[in-house]
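Written below as structure tokens is the structure these notes are about.
For clarity, every value in this text was computed on a predicted model and none was experimentally measured.
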Amino acid sequence: MKYRFVCFAALCLFVFAACEGTDPVPPDDPVVEEPVPEIMADSVLASFPVGGGEFSFSYYIKDACEGGSLSAWSDVSWMSSFTVSADKISFKVAENLSGEERSSEIKMAYLYNGKKTEASVAVSQLAIDVVPGDEAFDIKIEELSQVYARVRVIPADADLAYSSMFVEKSFYDELGSSDEALFDYLVEMYEGYALDAGMPLEDYLASQNGLRKGEGVVELSGMKTDSEYYAFAVGMSYDGEQTTGLYKVLFKTLSLELIDMSFDMDVRVDGTAAYVTIEPDVQYQRYVFDAVNSSTIAVEDILSVYQDYISSVIKDYVNFGMSVEQAVMQISSVGTVTDYRFDLDEYTSYYLFAIAIDKEGVLISQPGVTEFATEGVKQSDNEITITVSNIKERSADYELVATNEDNYVFVWREASVYAGMSDEQIINDIISQDEVMRTSQYSGDKSGTFSGLKPGTDYVVYAFGYYGGFANTGLFKTSFTTQAQMLSDVTFWLEHEKYFLGDEVKEIYPDLYPYMDGKAVLPVTAMTEGDAGGYFYHVFAGDITDPSSSNYATDDYLYEALTNQGYTAPSTLLYLDFGQTFTLVGFASDHDGHYGPVYREVIFLTEDGVSPIDEFRLP
């Protein structure tokens with residue numbers, strides 16, 4: 001009863017308070033709070049497939065405000081391209097080649113009246129099931145010698161893109177004997193090749209120099225004798241991700257067996273030049289010979305060091321399409337060699353040596369060795385007079401008159417190239433350019449025409465005596481300036497309508513066109529308007545319709561390139577890759593040699609647009 005009394009008393013007090021007084025005060029109006037918008041997202045997202053793709057989910061804004069806006073994003077790179085519509089959020093998920101399941105979240109923010117409310121949706125993506133290397137590949141060693149190996153790689157999945165190569169075991173050991181480190185090195189190598197080729201990694205790996213599919217053969221010449229190597233294969237995606245385990249097979253190249261062979265060698269020194277005669281005691285056996293600075297090598301090391309060098313040279317030849325045997329034929333000699341000339345450093349001691357070589361590039365005898373020393377540079381009294389005449393916008397005639405038959409170097413450059421340099425500096429720079437020195441040496445009088453010059457440009461012609469690797473006269477030079485450019489009003493273009501599948505053209509003309517498999521064959525016909533005296537045309541990869549887009553798109557570059565390498569026939573066939581952008585380029589010149597404007601036309605050919613082969617006609 002006590003509790004009932006207390007409650008009753010409280011009630012009476014409440015009633016009494018309410019009734020007291022004659023002017024009751026009305027209560028304050030209640031505060032009404034604005035509802036906070038809330039992002040309501042579909043929560044059905046669970047786990048994306050390994051292959052990724054395009055996805056979306058529904059949402060709505062509870063208690064939305066007028067003028068509010070929603071944005072969506074992710075902090076990871078494998079989700080991208082978020083698009084927000086009235087009731088849906090769309091995005092892309094990349095393929096998961098990491099080998100591990102990955103998870104993250106999609107973040108959302110709703111902005112309204114200067115405020116923000118946020119939400120997120122958790123997501124994940126399944127991982128690729130990486131096939132172990134020994135289940136993904138079979139590698140069979142088919143041929144092995146001292147310096148050569150040939151293996152056959154057989155993937156379990158004919159559609160798997162993969163890389164297969166050789167690597168020295170000693171190098172693999174330097175990588176910590178780690179398959180992961182070897183794969184990382186492989187990707188770095190491909191990235192370097194792609195950079196050198198000016199291509200994205202994905203395009204390079206998809207090219208003929210990149211990944212392969214199906215059963216394939218891997219060959220390597222120029223290997224070290226009696227050395228351990230791995231032949232390996234590993235699955236790889238075109239963006240450089242590993243898709244299978246790495247499988248490798250260890251093997252060892254054969255050891256070296258030497259034959260008995262000796263050489264009689266004679267050296268005649270003339271300044272810095274050495275003229276050598278070598279007579280082997282076995283006239284039918286091929287051999288290689290060279291001269292090396294005696295301070296850089298011991299006689300007992302010549303065989304092993306030169307084997308490494310010869311192997312690398314053969315490898316280069318093979319990379320350019322030769323067989324190993326053809327490469328050996330190219331670099332070796334047979335029978336007596338007479339008065340072969342070496343251009344060497346002055347006042348230096350050298351070893352001249354000769355070593356027998358077999359058809360596989362293996363050095364198979366002890367070296368025959370003789371030592372000799374060079375003398376100082378022999379100076380020439382040759383005087384060279386240079387005359388330039390008939391100077392036009394892009395060409396000029398030249399004549400060089402020499403007082404004797406001594407060897408000299410002859411080049412021409414824009415005046416700005418060597419501006420401010422001394423004669424000695426100019427000579428040294430020219431000599432340092434190996435390709436220039438291989439193609440720019442002459443003797444006696446010489447005349448001809450400079451072509452591909454720039455209009456209104458200063459040039460200098462240089463000549464100097466050269467012998468045994470050194471300049472042996474001073475520098476002879478003369479300057480000239482080309483005429484200012486005068487464009488002609490003659491115009492040029494290429495007419496083309498149909499194109500054809502190269503495989504079908506090859507079936508009709510197998511001997512005439514053997515290299516057009518998988519290509520588009522585009523017949524083109526040169527057309528001009530005006531009094532044209534000639535024309536040049538070709539096709540370039542990419543879109544170069546904008547002359548300012550690169551150095552290779554300028555009129556000056558195209559004028560020079562087309563003049564040197566362009567087609568001049570009234571019509572021809574162009575072999576182009578399907579699905580790639582190309583630019584047809586060309587120009588005409590009038591009878592006075594003035595060039596007309598450059599013609600540029602972008603083309604993009606697809607297999608869908610191929611014409612029936614019965615409509616094909618030879619140009």
Side-chain angles (χ1 to χ4, degrees), residues 272 343 377-488 536 547 550-566 587 589 592-595 598:
T272 56
D343 289 324
V377 178
K378 292 184 65 175
Q379 294 299 307
S380 170
D381 60 359
N382 196 9
E383 296 285 339
I384 303 172
T385 303
I386 307 171
T387 304
V388 180
S389 61
N390 193 28
I391 301 171
K392 298 181 179 179
E393 297 169 35
R394 300 177 184 272
S395 66
D397 295 339
Y398 65 85
E399 182 180 19
L400 280 74
V401 178
T403 56
N404 61 39
E405 294 297 315
D406 288 353
N407 188 71
Y408 63 86
V409 175
F410 158 54
V411 299
W412 62 98
R413 298 284 185 271
E414 289 187 38
S416 59
V417 173
Y418 292 134
M421 295 176 62
S422 67
D423 287 359
E424 182 179 3
Q425 289 173 322
I426 294 172
I427 289 174
N428 290 338
D429 185 78
I430 294 172
I431 291 176
S432 70
Q433 302 173 47
D434 293 340
E435 181 61 30
V436 172
M437 296 303 292
R438 280 194 292 268
T439 58
S440 303
Q441 296 188 49
Y442 309 93
S443 62
D445 298 343
K446 179 173 178 56
S447 62
T449 300
F450 300 126
S451 60
L453 305 179
K454 297 178 181 178
T457 304
D458 296 330
Y459 287 88
V460 182
V461 186
Y462 303 98
F464 57 90
Y466 183 77
Y467 181 85
F470 299 89
N472 62 358
T473 71
L475 184 64
F476 304 96
K477 55 189 174 183
T478 192
S479 303
F480 68 96
T481 302
T482 53
Q483 294 181 5
Q485 178 168 286
M486 293 180 59
L487 284 178
S488 171
F536 304 89
S550 76
N551 292 334
Y552 303 104
T554 64
D555 286 357
D556 282 338
Y557 176 83
L558 294 177
Y559 282 138
E560 180 176 358
L562 294 173
T563 302
N564 292 331
Q565 301 180 13
F587 70 92
S589 60
D592 293 325
H594 300 308
Y595 294 170
V598 176

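One finds the CG atom of Asn404 at 5.0 Å from the OG atom of Ser380 (value rounded to the nearest 0.5 Å). Here the CD1-CG distance, from Ile384 to Leu475, works out to 9.5 Å after rounding to the nearest 0.5 Å. Atom-to-atom distance recorded for Tyr398:OH and Ser447:OG is 7.0 Å, nearest 0.5 angstrom. Atom CD of Glu383 and atom OH of Tyr408 lie 13.5 Å apart (nearest 0.5 Å). The distance from atom OH of Tyr557 to atom CG of Leu562, rounded to the nearest 0.5 Å, is 9.0 Å. For the atom pair OG1 (Thr473) and CD1 (Ile427), the distance works out to 6.5 Å, reported to the nearest 0.5 Å.
None of Val377, Asn382, Thr272 except one satisfies the side-chain contact (heavy atoms from CB on, under 4.5 Å) rule with Asn472; the exception is Val377.
Under the side chain to side chain contact (heavy atoms under 4.5 Å, CB included) criterion, Ser422 pairs with Glu424, Gln425, not counting sequence neighbours. Considering only residues two or more places apart in sequence or on other chains, Met437 meets the side chain to side chain contact (heavy atoms under 4.5 Å, CB included) condition with Val409, Ile430, Ile431, Gln441, Tyr466. Judged as a ring pair (Phe, Tyr, Trp, His ring centres under 6.0 Å), and not counting sequence neighbours, the contacts of Tyr418 are Tyr462. Taking Phe587 as the reference, Phe536, Tyr559, Tyr595 meet the ring pair (Phe, Tyr, Trp, His ring centres under 6.0 Å) condition, with sequence neighbours excluded. Partners of Lys392 by side chain to side chain contact (heavy atoms under 4.5 Å, CB included), not counting sequence neighbours, listed by chain and number: Asn390, Ser395.
Between Phe450 and Phe480, the distance from one ring center to the other falls under 6.0 angstrom.
Although no hydrogens or angles enter the test, the distance criterion places a donor-acceptor pair under 3.5 Å between the side chain of Thr482 and the main chain of Thr457.
For Met486, the CE atom sits in a loose shell: 12 or fewer heavy atoms of surrounding residues, nucleotides or ligands are nearer than 6.0 Å.
A salt bridge (Lys or Arg N to Asp or Glu O under 4.0 Å) check over residues 395-422, counting only residues at least two apart or in different chains, returns the pairs Glu414-Lys454.
Between Pro455 and Asp556 the shortest heavy-atom distance is CD-OD1, 4.4 Å. Residues Val388 and Ala396 share a closest heavy-atom pair of CG1-CB, 3.9 Å. The shortest heavy-atom contact between Ala402 and Gly444 is CB-O, 3.9 Å. Taking each heavy atom of Ser451 and Asn564 in turn, the nearest pair found is OG-OD1, 4.2 Å.
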Practice task
Tell me, with the steps shown, if Gln485 and Arg394 meet side-chain contact (heavy atoms from CB on, under 4.5 Å).
Solution key: CA-CA 8 Å; Gln485 178 168 286; Arg394 300 177 184 272; 2.5 Å; yes
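Judged purely by distance below 3.5 Å, without hydrogens or angles, the side chains of Asn407 and Ser443 never pair a donor atom with an acceptor atom.
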